[in-house]
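Single-structure report; data block below.
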Amino acid sequence: MSVEFTSDAQSLPDTDILEAVVALANTDGGTVYLGVEDNGTPTGLHRNHRDSTGLAAMTANRTVPSISVRTQIIDTEESSVMEIKVPKSPSVVSTKSGKVLHRLLKIDGTPESVPMYPYEIATRLSDLGRLDISAQPIPDATPNDFDAVERNRLRRIIRSYRSSDHNLLELADDELEKALRFTTTLNGETVPTLTGLLMLGKEEALQRFIPTHEAAFQVLVGTEVRVNQSYHGPLLQIIEQINDMFTPWNSSTELSVGLFSLMVPEFDENAFREAIVNAFGHRDYTLLGRVRIQLDDYGLTISNPGGFVEGINIHNLLTAEPHGRNPCLMDALKRTGLAERTGRGIDRIYEGALHFGRPLPDYSASNERNVSVFQQRSAPDALFVQMLAEEQERSGKGLSINALLILNMLKNDRRCSYDALQEALDINNQRLRAILGQLAESGLIEGSGAGGRRTFTLGSRIYKRRGKAIEYVRQSDIDRIRYQELILKLSSEQGSITKNDVMNLLHLDANQAYYQLSKLIQAGKISKIGSGRNTRYARK
């Protein structure tokens, strides 16, 4: 996608060069090699294109806004080739004659430069943060297209959430709509914005002015479709209707935590609400398609048209500076209390899984046209939940999202190096060291080694509660020199040990295990208790 070979044997027209440069700039940038055939064979530059400085100047003068390319002539054994380095444009660019192109893959997997249609230009500007489509006025719409029932629903929702902006309740209807940017002034007239229609619009107005707006809730049991409901109404109504449809299908499990028991739903309700609000708030309303919520035997999938915006990908979801495709719409959803006010709604989605020791949300099915999150069905991890509850009771506060991610990694991988944690979590050195220090101080994790080779495991009390003291001790990188140290460590953890414990811990046979225990008895470090099958060994 980022490399273009163009033959110059017959003097490639300047317009073709400009179109190749514009297409790359409007995609992800790249390199044009002038004087190279499609199969990669260099055939050389025509004499008209041997001035690299002049070609760079021509490109800048004949693109809007100007594209500053870097050019150089590369001499090969066969011929000379022009390398044209094209930066990714922070806006949409065109040739001076008005051609706007971008790069796409053909069916055979090879790239080509094709025209950008108006809706694609809008999407591109939106992805780059240069256009907020949700704040745009809808010229033919009027405030009469707003539904009074939805205004009342809006006020009720604002009143019901503690995180909402309660000052909005003191405003008259027209002031409320202006404050939330549901309306704007166009040619002296008050006109609804796209956000206004999405939040308060009558269903017939939404179908007329925003035909791309649609949602679906589906439940599949095996191959049987149990529920397949479509929605075209205003967002607040749809979100409530989907929540109501989802609740009966979200079964709960009773979980005992210490002296208490609680009912834990299969899918965290707050995380579910945040995920569907994000799907509506960040979708691309220039694209046909629908927000889809699907429950099946494997889990929950929530998807929406429109890929991640510029600078966001599946690897930095939790660390990138929060920004979205529809700032006006998301601001309205935040001020009503439906969306996370900090813009870190993705944290809430992850916390919904982390707090119960479940698999993390999976965004791997997302692409440039669609964002999709999958939450696998999984029973809660009672001991992990108890560990978090005890820590919250001890410290008086919950753990941060990064601390939860670290504990989750150690629970799943048992042992992780510092470098592995940093790479997986995308956390800077100073912050990661501080979090690891706090977790170690609380006894939730333990570290061994030094520097970049330092490794971490869950704390001994966590393994002990799980009845896995042997597994905990085994994390200490077994070698023959440390056999006796590890036997003593296990004895301290369990109070006493058997020969079978040593065999399991060190992967030894019965004679080898007995030999190691005998050496510790002779050294006076442990004593033998009982005889025969009841023989145990304890530290002195």
Verify side-chain contact (heavy atoms from CB on, under 4.5 Å) between Met199 and Leu236, making sure each step is shown before the conclusion.
CA-CA 6 Å; Met199 296 288 278; Leu236 300 179; 3.8 Å; yes
Give the C-alpha distance, both sets of side-chain angles, the deciding distance and a yes or no for salt bridge (Lys or Arg N to Asp or Glu O under 4.0 Å) between Arg208 and Asp145.
CA-CA 11 Å; Arg208 184 165 77 253; Asp145 292 308; 3.5 Å; yes
Side chain to side chain donor-acceptor pair (under 3.5 Å) between Ser400 and Asn402, intermediate numbers included
CA-CA 5 Å; Ser400 69; Asn402 287 324; 5.3 Å; no
Should Arg348 and Glu351 be marked as a salt bridge (Lys or Arg N to Asp or Glu O under 4.0 Å) after you check the CA-CA gap, both sets of side-chain angles, and the distance that decides it?
CA-CA 5 Å; Arg348 184 178 291 177; Glu351 285 171 352; 5.9 Å; no
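Between the side chain of Asn326 and the main chain of Cys328, no donor-acceptor pair closer than 3.5 Å is present. Checking side-chain atoms of Asn316 against main-chain N and O of Asn313 turns up a donor-acceptor pair under 3.5 Å. Remark: the backbone N or O of Thr184 is not paired with any side-chain donor or acceptor of Glu177 at under 3.5 angstrom. A donor-acceptor pair under 3.5 Å is absent between the side-chain atoms of Ser366 and the main chain of Val371, judged by distance alone. Here the side chain of Thr336 pairs a donor or acceptor atom with the backbone of Ala332 at under 3.5 angstrom. Looking at Thr193, its side chain does come within 3.5 Å of a backbone N or O of Gly196 through a donor-acceptor pair. Side-chain atoms of Gln136 come within 3.5 Å of backbone N or O of Asp132 as a donor-acceptor pair. Side chain of Arg155 to backbone of Leu169: a donor-acceptor contact under 3.5 angstrom is found. The backbone N or O of Leu288 sits nowhere less than 3.5 Å from a side-chain atom of Thr212 that would complete a donor-acceptor pair. Formation of a donor-acceptor pair under 3.5 Å by the Asn187 side chain with backbone atoms of Glu189 is not found in this model.
Taking 4.5 Å as the limit, every side-chain heavy atom of Leu318 sits out of range of all side-chain heavy atoms of Asp426. Gln376 is not listed as a side-chain neighbour of Asp362, based on a closest heavy-atom distance of 4.5 Å or more. A 4.5 Å side-chain heavy-atom check between Val21 and Leu18 finds every atom pair outside the cut-off. Proximity of Phe272 to Ile302: side-chain heavy atoms (C-beta onward) are separated by under 4.5 Å at one or more points. Within the 4.5 Å cutoff, the side chain of Leu154 has heavy atoms near those of the Leu180 side chain. The shortest side-chain heavy-atom distance between Val92 and Val100 falls under the 4.5 Å cut-off. Between Glu112 and Arg103, the closest side-chain pair of non-hydrogen atoms is not below 4.5 Å. Proximity of Ile67 to Ser89: side-chain heavy atoms (C-beta onward) are nowhere separated by under 4.5 Å.
If you take CG on Leu194 and CZ on Arg181, they are separated by 12.5 Å, rounding to the nearest 0.5 Å. Here the OG1-CG distance, from Thr195 to Leu333, works out to 8.0 Å after rounding to the nearest 0.5 Å. With rounding to the nearest 0.5 angstrom, the CG atom of Leu235 is 11.5 Å from the CD atom of Glu240. For the atom pair CG of Asn370 and CG of Asn304, the computed distance is 6.5 Å after rounding to the nearest 0.5 Å. Annotation: the span from Thr123 atom OG1 to Ile133 atom CD1 amounts to 5.5 Å, rounded to 0.5 Å. Of the inter-residue distances, the one linking Ile349 atom CD1 with Leu360 atom CG reads 12.5 Å to the nearest 0.5 angstrom.
Other residues, nucleotides and ligands contribute at most 12 non-hydrogen atoms within 6.0 Å of the NZ atom of Lys397. Atom NZ of Lys96 has 12 or fewer heavy atoms from other residues, nucleotides or ligands within 6.0 Å. More than 12 heavy atoms of other residues, nucleotides or ligands sit less than 6.0 Å from atom CZ of Arg156. Within 6.0 Å of CG in Asp297 there are more than 12 heavy atoms belonging to other residues, nucleotides or ligands.
When only modelled atom types and interatomic distance are considered, Asp419 and Ser417 share no side-chain donor-acceptor pair under 3.5 Å. The closest side-chain donor-acceptor pair between Asn429 and Tyr418 falls under 3.5 angstrom. Using modelled atom types, one finds a donor on one side chain and an acceptor on the other under 3.5 Å when comparing Thr286 with Asp284.
The minimum heavy-atom distance linking Gln422 with Asn428 is given by the pair NE2-C, 4.1 Å. Minimum heavy-atom separation, Leu354 to Leu388: O-CD1, 3.9 Å. For the pair Arg394 and Ser442, the tightest heavy-atom approach, listed with the atom from each and the gap, is NH2-CB, 3.4 Å. Between Thr301 and Ser372, the closest heavy-atom pair is CG2-OG, 3.5 Å.
Relative to the ring axis of Phe146, Lys202 does not place its NZ or CZ within 45° and under 6.0 Å from the centre. In this structure, Arg283 fails the cation-pi test against Phe280, since its NZ or CZ atom is not both closer than 6.0 Å to the six-membered ring centre and inside 45 degrees of the ring normal.
Every residue meeting the side-chain contact (heavy atoms from CB on, under 4.5 Å) condition with Ala172, not counting sequence neighbours, appears here in chain and number order: Asp174, Glu175. For Tyr298, there are no side chain to side chain donor-acceptor pair (under 3.5 Å) partners two or more places apart in sequence or in a different chain. Evaluation of the side-chain contact (heavy atoms from CB on, under 4.5 Å) rule for His282 yields Asn278, Met330 as partners, not counting sequence neighbours. Evaluation of the side-chain contact (heavy atoms from CB on, under 4.5 Å) rule for Glu269 yields Asn250, Pro265 as partners, not counting sequence neighbours. Scored by the side chain to side chain donor-acceptor pair (under 3.5 Å) test, Ser252 finds no partners at all (sequence neighbours excluded).
Checking each of Lys88, Arg325, Arg130 against Glu310 for a salt bridge (Lys or Arg N to Asp or Glu O under 4.0 Å) leaves exactly one that passes, namely Lys88.
Taking the six-membered ring where tryptophan is involved, the planes of Phe267 and Phe246 are tilted, since the angle between them lies from 30° to 60°.
Contacts classified as ring pair (Phe, Tyr, Trp, His ring centres under 6.0 Å) and involving residues 208-244 (residues at least two apart or in different chains) are not found.
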